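Here is the structure we will look at, set down as structure tokens.
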Amino acid sequence: MRIGLSYDLKSAVADRHAPDDALEEYDSPETVAIIAGALEKKGHQVVKLGGGIEFLDNIRRESVDIVFNISEGRGDFRSREAQVPSVLEMLDIPYTGSDPLCLTVCLDKVAAKRLVASVGIPTPRWLTVEDELEMERLDWQGFPFPAIVKPAYEGSSKGIRLTSLVESAPQTEEEITRILKNYQQPVMVEEFISGDEVTVGIIGNSPPKLVGMMRILPKKKEQRFVYSVEVKRDYLNLVEYESPVQLPVPVLDKLEQYSLKAFKVLGCRDFSRVDFRIGRDDTPYFLEINPLPGLGSYSDLIIMALKLGWTHDDVIGAVLDAALQRYPQCVSV
Ligand SMILES: Nc1ncnc2c1ncn2[C@@H]1O[C@H](COP(=O)(O)OP(=O)(O)OP(=O)(O)O)[C@@H](O)[C@H]1O
Ligand SMILES: [Mg+2]
């Protein structure tokens, strides 16, 4: 098959507002090379389409059977991950991964939380602040501190720093102001769940199956761990990854059940990674789901898969195979 590869490289995206993590979500040439290599090893021809206007030019010029999409999209919009899939749907070109509605709903953490809560998946209490005026009107009495303050439409822990964990109203307001100013989007203030952090990988469709689970443990035993942007950048020194996860079976069962249920209610396809924190009562709380999780060597899904005996190429191949089940016309090419 002739497979197009859509992606947004850090180097290709103009740095408009420039907090230092502005490009955190975008990919590196190494990740693109790994995915292209994995597809070529399966006998496919790979056409690099890039992102943004370059992608639009290339997709009009090239003829491809399917697009392997890892594009994060451009701008601060909550629908940015839907940009490339929307164009592909307009042109009737098959692609891997979730559709525009799913990608948009999942990038908007509040929308995703509302949907998962509607099917009984526990998620921490939160409130959303749209602007400074709304912040000034808020009364923090009764809010369950400690809390975490985070942008509503980001990934890769963009905007989530060590200062994001707050204990009081003034601290919270300072963080809200920082995020409103730097990230041009609503801010979530969410109850902090202090227990273990577990991320769950899923691949496939009918039925979707777990790749596995991975616990993220701080090397320095902190009382309140945050997998912040600082920690993700220095993960080799600051965290240990445990997979398979050594937690009681009932907790693992709930993690599996909630992950698959979230994948389904949010309409995810082909693959996803779901993030949880475990509460004091052993309840896993849904934080967010990533229907376009990183596929680079240092991404959580790949670290987990390698620990569980997959190769990096296996993961890329499994995502493609899941997508191809939707498009039988491609398989006979
Ligand atoms: N309510 C919470 N309670 C405890 N920790 C939290 C909470 N919300 C976020 N965190 C911490 O902050 C980290 C990043 O939060 P979150 O997963 O929402 O952000 P993200 O930028 O979407 O991450 P990703 O890199 O997975 O896309 C979490 O992995 C967790 O360590
Ligand atoms: Mg996350």
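The shown structure was predicted, so the numbers you read here are calculated from the model rather than taken from an experiment. Order of listing sets the numbers, starting from 1, for every ligand and every atom in it.
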Among R80, K113, R78, whose salt bridge (charged side-chain N to carboxylate O under 4.0 Å, His left out) with D108 holds?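 Considering R80, K113, R78, a salt bridge (charged side-chain N to carboxylate O under 4.0 Å, His left out) with D108 is found only for R78.
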When you look at R269 and D99, which way does the salt bridge (Lys or Arg N to Asp or Glu O under 4.0 Å) test go after all the steps? CA-CA 8 Å; R269 294 194 314 208; D99 78 345; 5.1 Å; no
Given a heavy-atom cut-off of 4.0 Å, could you list the residues near ligand 1 in chain and number order?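 If the criterion is a heavy atom under 4.0 Å, then ligand 1 touches K109, P124, I148, K150, E154, G155, S156, S157, K158, I160, E190, E191, F192, I193, E197, V226, Y227, K232, R273, D275, R277, L287, E288, N290.
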Below 4.0 angstrom, N of the basic side chain to O of the carboxylate: do [X] and [Y] qualify?
X    : Y    : value
D20  : R161 : yes
R326 : D270 : yes
E190 : R277 : no
E175 : R178 : yes

Derivation and outcome, side chain to side chain contact (heavy atoms under 4.5 Å, CB included), residues V87 and Y95: CA-CA 11 Å; V87 170; Y95 61 94; over 6 Å; no
For the residue pair D313 and T311, confirm or rule out a side-chain donor-acceptor distance under 3.5 Å.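 Side chains of D313 and T311: no pair found under 3.5 Å.
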With the Mg ion (ligand 2) as the centre, enumerate protein N/O/S atoms below 2.8 Å in chain and residue order.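 Within the sphere that stays under 2.8 Å of the Mg ion (ligand 2), the protein atoms of type N, O or S are D275 OD2, E288 OE2.
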In terms of relative ring orientation, are Y235 and Y241 parallel, tilted or perpendicular, with 30° and 60° separating the classes?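 Ring orientation of Y235 relative to Y241: tilted.
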